[in-house]
Protein chains: 2
Amino acid sequence: MDARQKILVAAEKLFAEHGFEGTSTRTLSQEAGVNLAMISYYFGSKEDLYKTLVTERTAPFRDAIESFVSLETTAWQKMELIIDGYVDRMFESSSLHKIIYRELSMDNSPIYEIIVNHISKNMQNVRRIIEMGIESGEFKPDVESQLVMPTITGTIVQVIKSPTLSISLLGLDPKTNSIFDEKHKNHLKKYLKSLIKSYLLN
Amino acid sequence: MDARQKILVAAEKLFAEHGFEGTSTRTLSQEAGVNLAMISYYFGSKEDLYKTLVTERTAPFRDAIESFVSLETTAWQKMELIIDGYVDRMFESSSLHKIIYRELSMDNSPIYEIIVNHISKNMQNVRRIIEMGIESGEFKPDVESQLVMPTITGTIVQVIKSPTLSISLLGLDPKTNSIFDEKHKNHLKKYLKSLIKSYLLN
DNA sequence: AGTTTTTAATTAAACGATTGATTAATTTTT
DNA sequence: AAAAATTAATCAATCGTTTAATTAAAAACT
């Protein structure tokens with residue numbers, strides 16, 4: 001792994017754990033195992049590193065839902081794909097999503113615009129899928145298409161943002177259990193599908 | 001309003017907007033309209049101010065749910081009280097709750113323990129209420145009592161953390177609308193009750 | 001009631017430490 | 001030989017905190 005990549009990996013970890021302002025360039029370069037000056041050399045500044053990190057790492061996730069819209073399936077099957085997809089990728093890259101959903105509450109964050117663009121696109125696609133389900137009579141006519149997505153992402157965020165709290169909430173031993181176990185991931189998927197299904201379906 | 005109070009008010013606002021590390025003591029004292037040294041004078045340090053702020057401001061909310069448990073109502077009526085209560089107080093003090101649910105993702109935050117204690121108590125009470133509903137046959141036998149609370153708070157957090165995004169998501173004009181309008185608050189309450197009701201009730 | 005004394009509140013200035021960033025020299029790679 | 005990557009040292013700026021001096025308020029005393 002080259003220095004540039006090492007910095008990005010360390011940045012994702014530390015920004016997730018201590019926030020952007022809470023991570024110094026010195027701590028960051030030490031964690032990455034590179035010289036302090038490499039941050040400026042590769043990214044220009046700490047802020048530009050932040051922007052690059054979020055832009056690069058969110059890119060693979062974008063438009064993932066876009067492809068669902070035109071699938072030849074029922075609206076509910078699309079919703080299942082969305083829930084599975086969101087749980088999978090938010091569990092997989094929990095550090096990145098900690099960052100994203102934390103910075104979302106700070107209007108003047110350097111990455112605020114990047115995040116809002118990233119999220120609102122997916123939000124609108126989900127909304128469209130739900131409205132298609134309403135029109136076809138598959139979903140109840142009076143469901144709130146705009147609020148379903150915040151419920152899905154909000155629930156997942158609550159679980160991944162504090163693994164310690166989540167595990168203790170589930171009544172499990174923090175030493176032998178991790179919220180990132182396949183078991184608990186499927187548990188959450190099942191719950192979300194059941195929750196949203198009972199709300200949407202007739 | 002005395003200097004101590006002015007500092008707490010300014011701290012709540014700025015910590016919510018820019019985070020703890022993102023707020024300097026100088027910016028803070030300026031916003032509060034007091035001398036820089038007053039922070040140390042009244043609170044000892046910036047970190048102690050943070051702890052005091054969160055401890056003092058979360059105190060009124062604590063044990064609010066505790067009283068619901070023993071009410072002589074149906075389990076669902078208790079859930080309605082919980083949803084209404086949570087939406088009301090999180091809308092009322094959105095700055096504080098921005099802070100709380102942001103810091104929850106940072107294990108080594110100075111206020112992490114305070115927050116976890118604050119949250120987990122309420123979580124357990126909600127879980128107990130749901131389990132009472134299951135036992136009495138009012139709720140479905142296979143509902144996930146532990147995950148309902150993360151869904152409720154998670155959804156509310158998603159809405160209040162970024163008013164701009166929420167408003168645009170609802171297809172409204174950011175200039176004439178605020179997510180904190182009574183109208184949208186009731187909208188969210190209605191949605192959450194409908195969502196949780198269809199999931200819990202037989 | 002008026003004066004003095006004591007305590008509390010507030011101020012400007014300064015402290016050392018750490019911050020993000022840059023420099024110029026050196027090593028490595030091409 | 002040229003370009004790219006890496007290094008240690010240094011920059012000014014900002015950080016949280018403390019100091020010592022000053023003002024305001026409260027308490028004590030005659």
Side-chain angles (χ1 to χ4, degrees), chain A residues 1-57 95 99 102-103 106-114, chain B residues 1-57 95 99 102-103 106-114:
Chain A
M1 193 162 46
D2 64 336
R4 203 191 106 103
Q5 203 60 29
K6 280 195 216 163
I7 293 172
L8 285 169
V9 170
E12 182 171 338
K13 184 191 172 204
L14 294 180
F15 289 166
E17 279 175 14
H18 310 106
F20 175 70
E21 318 262 7
T23 305
S24 77
T25 50
R26 276 166 244 279
T27 312
L28 180 52
S29 63
Q30 205 169 351
E31 169 82 27
V34 302
N35 187 277
L36 167 64
M38 302 305 281
I39 296 171
S40 303
Y41 182 75
Y42 279 113
F43 302 97
S45 68
K46 184 189 171 189
E47 191 171 306
D48 286 333
L49 159 63
Y50 201 25
K51 289 179 187 169
T52 305
L53 171 71
V54 176
T55 306
E56 280 192 14
R57 300 281 282 111
S95 287
I99 295 172
R102 183 200 299 140
E103 289 307 87
M106 305 204 260
D107 298 20
N108 35 19
S109 162
I111 60 165
Y112 182 75
E113 259 195 75
I114 302 170
Chain B
M1 190 160 50
D2 64 334
R4 203 191 105 104
Q5 203 61 27
K6 279 195 218 165
I7 293 171
L8 285 170
V9 170
E12 182 171 339
K13 185 190 170 207
L14 294 179
F15 289 167
E17 279 175 13
H18 311 109
F20 175 69
E21 317 262 8
T23 305
S24 76
T25 51
R26 275 165 244 278
T27 312
L28 180 51
S29 63
Q30 205 169 350
E31 169 83 26
V34 303
N35 187 277
L36 168 64
M38 303 305 281
I39 296 171
S40 302
Y41 182 74
Y42 280 113
F43 302 97
S45 69
K46 185 188 171 191
E47 190 170 309
D48 285 334
L49 159 64
Y50 201 23
K51 288 181 188 168
T52 305
L53 171 71
V54 176
T55 306
E56 279 192 14
R57 300 280 281 112
S95 288
I99 296 172
R102 184 198 301 142
E103 284 317 80
M106 305 203 260
D107 298 22
N108 35 18
S109 162
I111 61 166
Y112 183 74
E113 258 196 76
I114 302 170

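Order of the sequence lines sets the chain letters (A, B, ...), proteins ahead of strands, with each chain counted from 1.
- Residues A:S24 and A:T27 come closest through the heavy atom pair OG-OG1, 2.7 Å.
- For the atom pair B:L53 CG and B:E12 CD, the distance stands at 5.5 Å (nearest 0.5 Å).
- With sequence neighbours excluded, the residues forming a salt bridge (Lys or Arg N to Asp or Glu O under 4.0 Å) with B:E47 are B:K51, listed by chain and number.
- As rounded to whole Å, 10 Å separates atom P of C:dT22 from atom CG of A:D48.
- Every residue two or more places apart in sequence or in another chain that forms a salt bridge (Lys or Arg N to Asp or Glu O under 4.0 Å) with B:E31 is listed here: B:K13.
- You'll find the side chain of A:T25 stays beyond 4.5 Å of the side chain of A:L49, heavy atoms only.
- Scanning both residues, A:E17 and A:R102, for their nearest heavy atoms gives N-NH2, 4.5 Å.
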Readout for nucleotides 24-30 of chain C: B = base within 4.0 Å of protein heavy atom, S = sugar-phosphate only, - = neither; 5' to 3' it is -------
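- Counting non-hydrogen atoms under 4.0 angstrom, B:Y42 reaches the backbone sugars and phosphates but no base.
- Counting only distance, with no hydrogens or angles, the side chain of A:S109 and the backbone of A:E103 share no donor-acceptor pair below 3.5 Å.
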Test side-chain contact (heavy atoms from CB on, under 4.5 Å) on A:L8 and A:Q5; report intermediate values, then the result. CA-CA 5 Å; A:L8 285 169; A:Q5 203 60 29; 4.1 Å; yes
Please list every donor-acceptor pair under 3.5 Å in which a side-chain atom of residues 33-43 of chain B meets a protein atom from a residue at least two apart or in another chain.
{"unit_1": "B:N35", "atom_1": "OD1", "unit_2": "B:A37", "atom_2": "N", "d": "2.9"}

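- Aromatic ring pairs are classed by plane angle as parallel below 30°, tilted from 30° to 60° and perpendicular above 60°; the pair A:F20 and A:Y50 is parallel.
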Walk along nucleotides 8-25 of chain D from 5' to 3' and tag each nucleotide B, S or - by protein heavy-atom contact under 4.0 Å, base first, then sugar-phosphate. B------BBBBB------
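- Contacts with DNA chain C (heavy atom under 4.0 Å) in residues 5-19 of chain B: none are found.
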